[in-house]
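These notes concern the structure reproduced below.
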Protein chains: 2
Amino acid sequence: MGVPVLSRRERLRAETAAEIKAVALRLMSEGGPDAISLRAIAREMGMTAGAIYGYYDTRDALVSALVKDVYTSLVDAVEAARDALPADDPAGRILAWGQTLREWALVNPEGFRLIYGDPVPGYQEPEGGAAAEAAHRACAGLTGLVAAAWPQAVIRQPGEYDWTDFDPILVGLVREEFPELPPAAVALALRVWGRMHGLVALEIYGHLRSQVKDPARIYLDELRDLTRGLGLDEKTTPRA
Amino acid sequence: MGVPVLSRRERLRAETAAEIKAVALRLMSEGGPDAISLRAIAREMGMTAGAIYGYYDTRDALVSALVKDVYTSLVDAVEAARDALPADDPAGRILAWGQTLREWALVNPEGFRLIYGDPVPGYQEPEGGAAAEAAHRACAGLTGLVAAAWPQAVIRQPGEYDWTDFDPILVGLVREEFPELPPAAVALALRVWGRMHGLVALEIYGHLRSQVKDPARIYLDELRDLTRGLGLDEKTTPRA
DNA sequence: AACATTTACTACACGGCGTTCAGTAAAGAC
DNA sequence: GTCTTTACTGAACGCCGTGTAGTAAATGTT
């Protein structure tokens, strides 16, 4: 990278931009996503709301930056959990990924809503999607988990898939890392994603807790059923 | 029911309350959930925003009423789809339920967000949850689907469940309708719920379409894998 | 050192929002 | 025909995102 040649101006500018995001995240975690208002952020920083427009073109641009940061932190977390287990324990890695996803969501419910829900009142996602990059990473990571299970995975009546069915960027990531993997594996990875997402989303948005006391057990059952369905056996005892 | 003895006053009152909801729903489908504002509704009805407070204590109360209506219409839809197939085709019924859920969500994305997401800027769900009743219905319906498959369902390493693990109201519904069913079946029903919800939620919130062209096929694969995992065979050819 | 320019920010305004409250006019009750 | 209840208005309060004009300081140039 070399030494980043930043003038004093540029450095202060970058710091302020970062502080804006930091304050926004703190406000969000304290008072929910609605607490992210330019006026509140500015108030917190001893500024005027208009000043923020020098750093972000609009409130949605700021939110997009937040989404990107938060999504990246989530993907970092699940990837770290995966890498904490050996590659020859694919079932354990899938369980770790799924459990970490849920735990991260429980710790950062506002972050989860920011990524997977309507982030904030009238937020409109930009073209490529602020989350596109992190989403591709998550997707590729899941495909990796599936890849490790692919040989013994029992795919029942798989739809026929073609590489053109998927986003080129995602295809690029996958084909580079797993040249042998067929397109159907990516489809399976997306299904795995959906499976992990479903119960967590229901829980975070309060739909599970009104039905069942301890969603954790149900989620664990689901992850176990998932790995079994992939033809995997656990080598590591999952967390409670 | 008998003739509902409503004075002219009460009738007009009920009609206005209904019109408020109707206008709110229309505004929502036209301009997204943010378009639900008391001022906009009142403007549309030739009233003042304050007047709505004669019908709903607060904006959140109105939103709760909308959630209830919309959720009920969703549950009606999936139940109708289920009942269109014979009871001796449990796999078909599960497929029909799942596909109808997705199709309903695609037709009413704002409704789906209203039920399962953050409905509207700063909405706070009331105590029991505006959706509690409809959610219980959905849950019980899914449990019914699971009940039909329960004898041949292969539950792998099920966590041990007790009736006290679940909401008493839900337990009441289930035990009344399926006296023989063990608590683990309800847990399984919740997992089925999560499985159907996951991919649909990802799709509605735009996370799937940026990865894959045709989420329908993946969703169908997922439903098929689900019924197979329950030990069911399809009798009815599912919709494309 | 003195001037010119760029930058960061404030102050103010606009329209929109939920919500409250005093007042008014019509409808219903007796 | 009077009295009470009801339905609604209009104005206000404080919040919001967003522009625009102006200001003061930091930077760049001679």
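Chain letters run A, B, ... following the sequence lines, proteins first, then strands; residues in each count from 1. Worth knowing before you read on, the calculation uses all heavy atoms, side chains too, and leaves out hydrogens, waters and symmetry mates.
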Next item on the list: Mind checking salt bridge (Lys or Arg N to Asp or Glu O under 4.0 Å) for E44(B) and listing every partner two or more places apart, or none if nothing turns up?
Entry: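 Per chain and number, E44(B) pairs via salt bridge (Lys or Arg N to Asp or Glu O under 4.0 Å) with R26(B).
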Next item on the list: Using the test salt bridge (Lys or Arg N to Asp or Glu O under 4.0 Å), find all partners of D214(A) that sit at least two apart in sequence or belong to another chain.
Entry: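 D214(A): no salt bridge (Lys or Arg N to Asp or Glu O under 4.0 Å) contacts found.
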Notebook entry, point to check: When you list every nucleotide of DNA chain C with an atom under 4.0 Å from a heavy atom of chain A, which one comes first 5' to 3', and which comes last?
Noted result: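 For DNA chain C, the relevant span reads dT6(C) to dA13(C).
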Next item on the list: Using the ring-ring contact (aromatic ring centres under 6.0 Å, His included) rule, take F112(A) and H197(A) through it: C-alpha gap first, then chi angles, then the decisive distance, then the call.
Entry: CA-CA 10 Å; F112(A) 187 86; H197(A) 179 77; 5.7 Å; yes
Next item on the list: With rounding to the nearest 0.5 Å, note down the distance linking SG in C139(A) to CG in D167(A).
Entry: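 Output value for this atom pair is 9.0 Å.
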Next item on the list: If the plane angle is over 60° it's perpendicular, under 30° parallel, otherwise tilted; pick one for Y71(B) and Y116(B).
Entry: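 Answer is perpendicular, since the angle exceeds 60°.
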Next item on the list: Only counting residues at least two apart or in another chain, list the ones meeting side chain to side chain contact (heavy atoms under 4.5 Å, CB included) with D162(B).
Entry: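 Side chain to side chain contact (heavy atoms under 4.5 Å, CB included) check on D162(B) returns T164(B), D165(B).
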Check: Could you run down nucleotides 5-18 of chain D 5' to 3' and tag each one B, S or - for protein heavy-atom contact under 4.0 Å?
Finding: BSSSBB-B---BBB
Next item on the list: Round to a whole Å and report the spacing from CD of E10(A) to P of dT27(D).
Entry: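 These atoms are roughly 11 Å apart.
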Note to self: Tell me which pairs pass salt bridge (charged side-chain N to carboxylate O under 4.0 Å, His left out) where either residue lies in residues 73-83 of chain A, with sequence neighbours left out.
What the structure shows: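 The answer is D76(A)-R137(A), E79(A)-R137(A), D83(A)-R93(A).
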Checklist line | Side chain to side chain, H207(B) and W193(A), heavy atoms closer than 4.5 Å | finding: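 Yes, close enough: below the 4.5 Å cut-off.
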